[in-house]
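Take a look at the structure set out below.
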Amino acid sequence: FTGDAAFSGRAEEYERVESLFARMEEVLSEGYDGEMVTLVVPGNHDLNTPDEIADDEAARLQGKPGWDVLQQIAVDQQARMKDYNAWALKRDCAFDGAQVVSREVRIGDGDNRKSFRVSLINTVPVSNRRATTDKQFHYIDESSIGQIACEKDCDLHIALGHHSPEWFADPVMRQLSEALRSYADILLLGHEHVAGSYERIDGDKSILVLPGGQCDFAPGGPFTFSSICLDMDEYPYEAAISIHEWKVQSQRFCEKERH
């Protein structure tokens, strides 16, 4: 799940989130007799920032803030994600000071057994809803990028984040982009609210990028969410995005469309 599980990162919101996730996990596990593994990363709406603090940080982002300013805001914001981390801990996906958490997932049996390495990336620091823009201000430390950039000892390396690299400040924007292109096979993103896919190729390096769309549960409207399905039967692996919609009459999610 590529972030923004809540709206303002408060504990009471994650009580509702947990109920919604239980429904989605039930749908996605239908017809599958293996272990259901849910991996999550935070989005900017999982950050609990009071208005006065957001205004102060927005003022510090005016002009061309120094690297020390971005680092301090990043540290402060990670401390304001405690309610998100308490919820994510249930799925072993909490970020305790780190910005990248690596998980290994295995599926299948015997000759069909596949090993996934999943890099969960906290792209939230330095998000700010009160600034004119926080694009090209986001921060990630070099040691976290180094956790992404390690030799692949698995069948597939998936990187999971909310914001794409162009939201980050230089020079880490270039370093993060290079690490993802060189070491990840698939990059799953949120934030942009548009479901789709494209392959980014740079010389002999390529990465499949999938912005997975959004959960939509506006009052009075349909409740939809999108899921990304990987076909692992043949190489190169294929990916499809499915849109699921909640049907009130049958009280279940049904696939609405796939592309």
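One is the number of the first residue; the rest follow in order along the sequence. All of these numbers come straight from a predicted model, not from anything done at the bench.
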Determine whether [X] and [Y] fall in the same hydrophobic cluster, where Ile, Leu, Val, Met, Phe, Trp and Tyr are linked whenever their side-chain heavy atoms lie under 4.5 Å apart.
{"X": "Trp67", "Y": "Val126", "value": "yes"}
{"X": "Ile186", "Y": "Val37", "value": "yes"}
{"X": "Met173", "Y": "Tyr183", "value": "no"}
{"X": "Ile53", "Y": "Val69", "value": "no"}
{"X": "Val41", "Y": "Leu20", "value": "yes"}

Working to the nearest 0.5 Å, report the span between [atom1] of [X] and [atom2] of [Y].
{"X": "Leu187", "Y": "Ile207", "atom1": "CG", "atom2": "CD1", "result": "4.5 Å"}
{"X": "Ser164", "Y": "Leu180", "atom1": "OG", "atom2": "CG", "result": "10.0 Å"}
{"X": "Ser127", "Y": "His45", "atom1": "OG", "atom2": "NE2", "result": "9.5 Å"}
{"X": "Arg117", "Y": "Ile158", "atom1": "CZ", "atom2": "CD1", "result": "11.5 Å"}
{"X": "Leu61", "Y": "Phe137", "atom1": "CG", "atom2": "CZ", "result": "5.5 Å"}
{"X": "Gln99", "Y": "Ile140", "atom1": "CD", "atom2": "CD1", "result": "5.0 Å"}

Practice problem: Indicate whether any N or O donor in one side chain lies under 3.5 Å from an N or O acceptor in the other, for Tyr84 and Asn48. | Solution: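 Note: Tyr84 and Asn48 side chains miss the donor-acceptor criterion.
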Quiz prompt | Check: Ser102/Gln147 side-chain N/O donor and acceptor closer than 3.5 Å | solution =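 No, because no side-chain N or O of Ser102 sits under 3.5 Å from a partner of the opposite role on Gln147.
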Exercise. Mind running salt bridge (Lys or Arg N to Asp or Glu O under 4.0 Å) on Glu13 and Arg16 for me, showing each step along the way?
Key: CA-CA 5 Å; Glu13 295 175 340; Arg16 295 184 60 197; over 6 Å; no
Exercise. Assess whether atom CG of Asp51 is packed by more than 12 heavy atoms of other residues, nucleotides or ligands within 6.0 Å.
Key: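 More than 12 heavy atoms, drawn from other residues, nucleotides or ligands, come within 6.0 Å of this atom.
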Self-check item: Over 12 foreign heavy atoms within 6.0 Å of NZ, Lys135
Solution: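 Buried by this count: over 12 neighbours within 6.0 Å.
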Quiz item: So does Asp170 pair up with Arg174, basic N to acidic O under 4.0 Å?
Solution: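 Counted as a salt bridge, because a side-chain N and a carboxylate O are separated by less than 4.0 Å.
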Quiz item: Below 4.0 angstrom, N of the basic side chain to O of the carboxylate: do Arg10 and Asp83 qualify?
Solution: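 Salt bridge absent between Arg10 and Asp83.
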Between [X] and [Y] (side chain of the first, backbone of the second, donor and acceptor by atom type, cut-off under 3.5 Å), is there such a pair?
{"X": "Arg129", "Y": "Thr49", "value": "yes"}
{"X": "Asn85", "Y": "Ala94", "value": "no"}
{"X": "Asp134", "Y": "Asn128", "value": "yes"}
{"X": "Asp46", "Y": "Gly9", "value": "no"}
{"X": "Glu255", "Y": "Ser242", "value": "no"}
{"X": "Glu245", "Y": "Cys254", "value": "no"}

Quiz item: Do Phe1 and Thr38 pass the side chain to side chain contact (heavy atoms under 4.5 Å, CB included) test, and can you show the C-alpha distance, the side-chain angles, and the key distance before you say yes or no?
Solution: CA-CA 8 Å; Phe1 185 81; Thr38 302; 5.5 Å; no
Practice problem: Could you note down all residue pairs passing salt bridge (Lys or Arg N to Asp or Glu O under 4.0 Å) where residues 60-71 supplies at least one of them, sequence neighbours left out? | Solution: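 Sorted result for residues 60-71: Asp56-Arg60.
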Do you know which two heavy atoms are closest between [X] and [Y], and how far apart they sit?
{"X": "Val17", "Y": "Trp87", "answer": "CG1-CZ2, 3.5 Å"}
{"X": "Leu120", "Y": "Leu39", "answer": "CD2-CB, 4.1 Å"}
{"X": "Gly3", "Y": "His162", "answer": "CA-ND1, 3.7 Å"}
{"X": "Gln78", "Y": "Ala98", "answer": "OE1-O, 3.7 Å"}
{"X": "Ile121", "Y": "Ala159", "answer": "CD1-CB, 4.2 Å"}
{"X": "His191", "Y": "Asn44", "answer": "ND1-OD1, 3.1 Å"}

Can you confirm whether [X] sits close enough to [Y] that some side-chain heavy atom of one is under 4.5 Å from a side-chain heavy atom of the other?
{"X": "Trp167", "Y": "Thr123", "answer": "no"}
{"X": "Leu176", "Y": "Ile148", "answer": "yes"}
{"X": "Asn122", "Y": "Met81", "answer": "yes"}
{"X": "Pro42", "Y": "Leu47", "answer": "no"}

Quiz item: With Thr2, which of Leu189, Val40, Leu160 fulfils side-chain contact (heavy atoms from CB on, under 4.5 Å)?
Solution: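 That would be Leu160.
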Practice problem: Take Glu25 and Ser29 through the test side-chain hydrogen bond (donor to acceptor under 3.5 Å, both in side chains) and record every step on the way to the result. | Solution: CA-CA 6 Å; Glu25 288 168 338; Ser29 62; over 6 Å; no
Exercise. Over 60° means perpendicular and under 30° means parallel, so classify the ring planes of His138 and Phe168, tilted if in between.
Key: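 Answer is perpendicular, since the angle exceeds 60°.
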Quiz prompt | Listed partners of Arg23 passing salt bridge (charged side-chain N to carboxylate O under 4.0 Å, His left out), at least two apart | solution =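 Salt bridge (charged side-chain N to carboxylate O under 4.0 Å, His left out) check on Arg23 returns nothing, list empty.
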